[in-house]
Amino acid sequence: MERIPILRMGSFLLVTIQVDMHDRLAMTLQDDLTTKIVQTGADGVLIDISALDIVDSFIGRMLGNISAMSRILDAETVVVGMQPAVAITLVELGLSLPGVRTALNVEKGMAILRASRTLLGEEENDDVSLEE
Amino acid sequence: MSVWKSETMPIRTQADIVHVRQAVRTWSVDAGMRLVDQTKIVTAASELARNTLEYGGGGELLLEALSESVRVGLRLTFTDHGPGIPDLELALKDGWTSGGGMGMGLSGSKRLSNEFEIESQVGVGTTVRITRWK
């Protein structure tokens, strides 16, 4: 069965969506990601959608679901790289992706994830340095 | 107004929704649409193709390339022979859904099009026609 690869980078998971997803593939990604968060104890998920030339209500809902599910599993999700034409269309379609954290590119997304981990680390693990 | 090219595509499986998106993308590029306009009509097509499959139990898309004096456009007609929509006004409201969706499909694709028509008869089926001009 076709699957979207999920890469592990330290305590983060990285997903790059590079195919025109049919609906079942999107559902599979949702399942795979939640499983992987629990397996790896990841505390951040970065989803790169720069190769997606449309986001319709189904994919929008999937991004919202992934964000909500990962939050419950104690991981922050950041969606990065949305093309300008996609953003314009999405808002006109009537979706503003509430609850989905976004960043312009992978670098900025990683910075958000690192910052939120550092913040958590300071609260919970004073003895372990999570910076650097 | 003249139709200078047309094609019919089946909408029977989820893979067909992907094929519809790809065909509408190619046709909108051929019509010389800007990227934002391409994105809008492809997104609208994706929403309506999914409606045809999920709510109409499958059907077909008629793709037409139009020209009228100096302008060109694309007209997409989605037809199903499903249960039909009893209350069109309600179905066109943002956020209303009879299924598990977000209820943005019909109202959203109307906003993404220049022209929008819908006909539906309970027990007979539904036809949605959208046009986007370059």
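Every chain is numbered from 1 and lettered A, B, ... according to where its sequence line falls, protein lines coming before strand lines.
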K.L.:
Heavy-atom pairs under 4.5 Å with chain A - which of B:T13, B:D37, B:V18 has more of them than the others?
P.N.:
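Looking at each of B:T13, B:D37, B:V18 in turn, B:V18 comes out on top.
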K.L.:
Is any side-chain N of the basic residue among A:D53 and B:R21 closer than 4.0 Å to the acidic one's carboxylate O?
P.N.:
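No.
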K.L.:
Applying a heavy-atom distance below 4.5 Å, give me the residues of residues 78-92 of chain A that approach chain B, sorted by number.
P.N.:
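A:A85, A:V86, A:I88, A:T89, A:E92 fall under the 4.5 Å cut-off.
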K.L.:
Counting only N and O atoms by type, is there a donor-acceptor contact under 3.5 Å from the side chain of A:D23 to the main-chain atoms of A:A26?
P.N.:
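Absent.
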K.L.:
Answer with side chain, backbone, both or neither: which region of B:R34 has an atom nearer than 4.5 Å to a non-hydrogen atom of chain A?
P.N.:
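Contact with chain A involves no heavy atom of B:R34 at all.
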K.L.:
Pairing donors with acceptors under 3.5 angstrom, does anything connect the side chains of B:W133 and B:E115?
P.N.:
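A donor-acceptor contact under 3.5 Å links the two side chains.
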K.L.:
Taking distance alone, no hydrogens or angles, what donor-acceptor pairs closer than 3.5 Å link side-chain atoms of residues 101-108 of chain A to residues at least two apart or in another chain?
P.N.:
from: A:R101; atom 1: NH1; to: A:E76; atom 2: OE2; distance (Å): 3.4
from: A:N105; atom 1: OD1; to: A:E107; atom 2: N; distance (Å): 3.3
from: A:N105; atom 1: OD1; to: A:K108; atom 2: N; distance (Å): 2.8

K.L.:
Is a donor from one side chain sitting under 3.5 angstrom from an acceptor on the other, for B:R129 and B:T77?
P.N.:
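Distance-only check passes for B:R129 and B:T77.
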K.L.:
Counting heavy-atom pairs under 4.5 Å to chain A, which of B:T39, B:V42, B:V36 comes out on top?
P.N.:
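The candidate making the most pairs under 4.5 Å is B:T39.
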K.L.:
Donor-acceptor pair, A:R114 side chain versus A:G109 backbone, under 3.5 Å?
P.N.:
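The answer is no, because no donor-acceptor pair under 3.5 Å joins these two groups.
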K.L.:
Among B:R111, B:Q38, B:K110, B:R50, which has the most heavy-atom pairs under 4.5 Å with chain A?
P.N.:
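So the answer, after comparing B:R111, B:Q38, B:K110, B:R50, is B:R50.
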K.L.:
Has B:R132 got a side-chain atom pairing as donor or acceptor with B:L112's backbone, closer than 3.5 angstrom?
P.N.:
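It does hold such a pair.
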